[in-house]
Amino acid sequence: MEHWSPTKITAFRKTLLSWYDEAGRVLPWRKDHDPYHVWVSEIMLQQTQVQTVIPYYQRFMTMFPTVDALASAPTEQLMRAWAGLGYYSRARNLQRAAQEIVNERHGQWPTTAVELQSLTGIGPYTAGAIASIAFGEPVPAVDGNAFRVFSRLMEIDADITKPQTRQLFEQVIGEVIDPKRPGDFNQAIMDLGSSYMTAKQPDSEHSPVRAFNQAFLDGKELNYPVRSAKPRPVPMAYLALVIQTPTGYLFTQRPSTGMLAGLWTFPLQLEADLVQDDEKQGELDEEILIKRAAEEFAADTGIEVTLSAVPSRRVSHTFTHQKWQLKLVQATLSADPDLSLFPGQVIAPSAFAQFAMPTVQQKLWRAWVKTMESDKGKEG
DNA sequence: AATGCGTGGTC
DNA sequence: TGACCAAGCAT
């Protein structure tokens with residue numbers, strides 16, 4: 001890897017910050033340096049692109065304008081505000097940290113990166129971002145952009161998926177960061193990383209820091225950053241139970257830990273759980289599968305249903321590490337069932353907005369609506 | 001250290 | 001469609 005002289009570092013700071021002053025993005029959370037604004041935006045931006053975050057951030061600030069409002073908000077309301085954004089533990093951790101600031105720190109923010117990291121949900125990157133942007137501490141904020149930008153600038157060959165590599169980058173960037181404008185420096189790196197120095201289609205030819213970009217100068221830009229491949233999502237087959245009652249549909253609230261924690265979906269039945277030891281999944285007749293799903297559902301919940309397949313309605317949804325294939329099956333109950341053994345409730349479509357539902361549930365609902373529309377067409 | 005945890009965009 | 005990527009953190 002390259003090593004930069006003090007002269008080169010000075011020149012880089014000037015070039016980068018001049019460009020940022022002129023071309024830095026105007027974003028809703030950049031109107032001031034209020035730590036609450038910086039914090040909420042940084043949490044939302046974890047693994048999430050700017051364009052996705054903007055509307056969520058704006059709604060969030062209307063609903064929870066201060067750290068006190070967030071601390072005292074009903075968690076259900078918070079989860080509704082977050083629904084669709086993903087990584088839902090971010091929202092819970094955000095509220096936990098807000099409560100800690102209000103109740104245990106008397107509304108006083110920690111002002112250094114080290115102290116900020118003691119708050120739930122704030123790791124090394126977010127701590128660096130808040131400390132530098134809101135409080136002017138000269139610390140790096142090493143995210144995916146920083147990894148990409150500096151690995152190219154200096155041809156750093158360390159594998160960025162390895163935890164130790166972060167320390168190398170923090171040290172390198174710690175030397176280059178402008179101690180007079182650390183927040184602007186870190187944000188300028190992010191803007192650079194999402195404009196001229198993108199992952200797939202960089203435009204380093206026209207980049208303001210083209211002359212500092214060793215990988216580009218050597219024609220090896222797309223070799224950086226070095227990262228080992230991620231494992232493929234594991235396929236998982238589910239039956240999604242669309243159970244209609246006179247007043248709505250049966251929904252479960254998922255357990256408070258694990259995937260989609262606390263969110264509301266149709267009851268889901270893992271097909272693998274319906275397959276017996278001496279059987280191979282995928283070879284089981286669909287009718288048998290559906291029959292067993294009804295038996296399993298009755299055993300779990302005490303609710304008797306007669307399930308039937310919903311023809312050609314399949315939903316696919318890929319998470320980071322799981323690929324779900326869901327088949328819709330449906331049942332209609334003539335009366336609302338006894339829900340004493342069922343971890344959920346009947347929800348009318350008009351009330352869906354009051355519940356936090358993940359994207360996979362939105363897909364299931366759209367598929368079901370299409371089914372009803374096509375059935376209606378046949379009748380008419 | 002390795003794994004679990006969402007979603008949307010792009011090619 | 002599948003693979004990869006995007007302002008990571010907790011355990």
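Just so it is clear: chains get the letters A, B, ... in the order the sequence lines come, proteins before strands, and each one is counted from 1. Only a predicted model underlies this, so the values are computations on that prediction, with no experimental measurement involved.
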Write out a two-atom table: protein N or O, nucleotide N or O from nucleotides 8-11 of chain B, distance below 3.5 Å.
from: B:dC11; atom 1: OP1; to: A:Gln201; atom 2: OE1; distance (Å): 2.9

What parts of residues 159-172 of chain A reach DNA chain B, counting only heavy atoms under 4.0 Å away? A:Pro163, A:Gln164
Among residues two or more places apart or on two chains, list those pairs meeting side-chain hydrogen bond (donor to acceptor under 3.5 Å, both in side chains) that have a residue in residues 333-351 of chain A. A:Thr245-A:Asp336, A:Thr247-A:Asp336, A:Asp338-A:Ser340
ILVMFWY cluster membership beyond A:Phe216 - transitive side-chain contacts under 4.5 angstrom: A:Leu217
Using a cut-off of strictly less than 4.0 Å between a heavy atom of the residue and any atom of DNA chain B, enumerate the qualifying residues of residues 183-195 of chain A by number. none
Suppose we screen for side chain to side chain contact (heavy atoms under 4.5 Å, CB included). Which residues come up paired with A:Ala11, at least two apart in sequence or across chains? A:Phe212
Sort and list the pairs that fulfil side-chain hydrogen bond (donor to acceptor under 3.5 Å, both in side chains) and have at least one residue in residues 212-236 of chain A, not counting sequence neighbours. A:Asp157-A:Tyr224, A:Asp159-A:Ser228, A:Thr161-A:Ser228, A:Ser204-A:Asn213, A:Ser204-A:Glu221, A:Gln214-A:Asp218
Considering only residues two or more places apart or on different chains, which pairs with a residue in residues 39-60 of chain A satisfy side-chain hydrogen bond (donor to acceptor under 3.5 Å, both in side chains)? A:Glu42-A:Tyr125, A:Gln46-A:Thr126, A:Thr48-A:Arg90
DNA chain B-proximal residues of residues 117-140 of chain A, any heavy atom under 4.0 Å: none
With A:Ser5, which residues qualify under side chain to side chain contact (heavy atoms under 4.5 Å, CB included), at least two apart? A:Thr7, A:Lys8
I'd like to check the side-chain hydrogen bond (donor to acceptor under 3.5 Å, both in side chains) partners of A:Lys363; sequence neighbours left out, ordered by chain and number. A:His317
Pairing residues for A:Thr320 by the side chain to side chain contact (heavy atoms under 4.5 Å, CB included) criterion, not counting sequence neighbours: A:Tyr87
